[in-house]
Amino acid sequence: MSALVGAFSRMVDPAVVVVFNGVFRQAGQIHDKIFRVVKAQNYITETTANVGLTKARYRPEQDSITYEEFLQGDGKNLTQYEYAVGTKISSKLAKWNKLGAVKALVASSANAVARRRAFDATKKLERSDATSYTHTTDGSTVIDLTGGDALAAQSASHTTTRTSSTVNNVIRDGTTNNMDIAEDALEAAETVTAPSITDESDEVMEYELDTLFSSRKNSWKAMRLLKTSAGRVGTPNHDINLVYGRYQYHKLPYMDTARDDYWFLMDRKMNESIEAGFLYIEGSNGIEKDGPYVDFDSKTIKYSWAYEVAMGHNEWRPLLVSQGDNT
């Protein structure tokens, strides 16, 4: 039987690699919609921000130039952590040449890794009002929720480096905070919230909010907002929808019911252009496969897959957040 298991492991190993990689590539890719994905250069990635200078100033003839000193902005260290999954292929599957069952086990392993990646990426947004998160399954606290300013991503108490002016990225219209997802809230985000946010030198910023995230609960509402309203049954509104096609929409698959009214707008171009926005830092080796290992005592073939990652942010400005409760 041991020889049979060993021969079977050598036979199925190429198929294991193909099945795992194929299923993993097809799995949901929500992490790269939220984060800028980069490769880790070290176990700890040091992210930092440099405070820019204020706008160039008019200099009358013979007057001295104003020299501004260099200011260091917020800093954050993001540490790699590992997730792993393992599966065992029994001797009976080898004895009866059950390749279909083997493929199913491998596909399930690939989905297990992909689900955890999507879960953690979702928690980064879902818990944007929090400074810590503990996974109830394995007790992990490795998802780094605070930014370089030691605050949650969503806060009315962010401050600028140059003058400590308060900056607020909660979606509001000046009267109502945390507006529920609707056209007036999208308008408020573009015309009230975003214009109120300044950079670290207290300068007005250019915003191009281009990505909308919500829970599954609000997915149909979000999709209706982004589609044309002309001819829709049950509504007298046949005007062109001003937000039609304005945002890329992504549904977050793993949001808790306690927070499923939360929704998020992101300036992805801003996040891609800055050094330390929302970062997903992949381990340098990608998904690492171990096996096949033949366990002669249990008559099984063992496989495992592991990956290293760090998720976090230093700069919170690309993200606007609403808890959706109209406070």
Side-chain angles (χ1 to χ4, degrees), residues 1-35 37-45 77-124 133-144 253-254 279-312:
M1 179 61 72
S2 297
L4 174 62
V5 174
F8 186 67
S9 71
R10 291 189 294 273
M11 180 182 68
V12 302
D13 190 56
V16 167
V17 173
V18 170
V19 170
F20 185 94
N21 291 342
V23 172
F24 190 74
R25 280 195 299 267
Q26 295 174 17
Q29 301 289 315
I30 191 65
H31 73 293
D32 64 5
K33 310 302 186 299
I34 299 171
F35 298 94
V37 179
V38 297
K39 285 288 186 181
Q41 301 299 314
N42 206 331
Y43 174 61
I44 297 176
T45 300
N77 291 340
L78 298 176
T79 303
Q80 293 284 302
Y81 55 93
E82 181 180 288
Y83 283 137
V85 63
T87 190
K88 295 187 292 186
I89 301 171
S90 73
S91 60
K92 287 187 177 180
L93 296 181
K95 179 180 179 180
W96 296 104
N97 203 29
K98 295 293 186 180
L99 290 177
V102 172
K103 289 181 179 179
L105 280 172
V106 176
S108 181
S109 299
N111 279 319
V113 175
R115 285 200 313 271
R116 186 58 192 251
R117 180 178 65 180
F119 180 92
D120 279 10
T122 298
K123 295 304 164 187
K124 183 63 185 175
Y133 170 74
T134 301
H135 193 313
T136 56
T137 300
D138 58 21
S140 63
T141 55
V142 290
I143 309 172
D144 201 336
Y254 294 104
L279 294 175
Y280 177 97
I281 308 172
E282 294 180 331
S284 57
N285 295 325
I287 305 295
E288 298 183 64
K289 165 182 165 290
D290 280 324
Y293 295 115
V294 177
D295 187 330
F296 294 103
D297 289 332
S298 62
K299 301 297 188 294
T300 59
I301 307 167
K302 292 181 179 180
Y303 281 97
S304 67
W305 292 267
Y307 74 104
E308 289 186 323
V309 65
M311 300 184 197

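Note that CG of Leu78 is 11.0 Å distant from CE of Met311, once rounded to the nearest 0.5 Å. Between Asp144 atom CG and Asn77 atom CG the span is 9.5 Å, to the nearest 0.5 Å. Distance OG/Ser109 to CH2/Trp305: 4.5 Å, rounded to 0.5 Å. With rounding to the nearest 0.5 angstrom, the CZ atom of Phe35 is 9.0 Å from the NE2 atom of His31. To the nearest 0.5 Å, atoms OG1 (Thr134) and CD1 (Ile143) are separated by 9.0 Å. Rounded to the nearest 0.5 Å, atoms CD (Glu282) and NZ (Lys39) are 4.5 Å apart.
The minimum heavy-atom distance between Ala40 and Gly283, with the atom names listed, is CB-CA, 4.4 Å. Taking every heavy atom of both residues into account, Tyr81 and Ala310 meet most closely at CE2-CA, 4.0 Å. In terms of heavy atoms, Pro292 sits closest to Ile301 at CB-CG2, 3.5 Å. Nearest heavy atom pair, residue Val106 against residue Val16, reads CG1-O, 3.5 Å. Scanning both residues, Ile287 and Phe20, for their nearest heavy atoms gives CG2-CE2, 3.7 Å. Between Ala107 and Val19, the shortest heavy-atom distance links the atoms N-CG1, 4.0 Å.
The closest side-chain heavy-atom distance from Asp32 to Tyr280 is not below 4.5 Å. Put simply, the side chain of Gln41 does not reach to within 4.5 Å of the side chain of Thr45, judged on heavy atoms.
Under the 3.5 Å distance criterion, with hydrogens and angles disregarded, no donor-acceptor pair is assigned to the side chains of Thr137 and Arg116.
A distance-only check finds a donor-acceptor pair linking the side chain of Thr122 to the backbone of Ala118 [under 3.5 Å]. Under a 3.5 Å cut-off, the side chain of Glu288 and the backbone N or O of Gly286 do not form any donor-acceptor pair. Within the 3.5 Å criterion, the main-chain N or O of Asp290 finds no donor-acceptor partner in the side chain of Lys302.
Classified by interplanar angle (parallel below 30°, tilted 30° to 60°, perpendicular above 60°), the ring pair Tyr83/Tyr307 is tilted.
Other residues, nucleotides and ligands contribute over 12 non-hydrogen atoms within 6.0 Å of the NZ atom of Lys289. Residue Lys33 qualifies as enclosed at atom NZ: its count of foreign heavy atoms under 6.0 Å is above 12.
A salt bridge is absent between Asp120 and Lys124: the closest approach of a Lys/Arg side-chain nitrogen to an acidic carboxylate oxygen does not fall below 4.0 angstrom.
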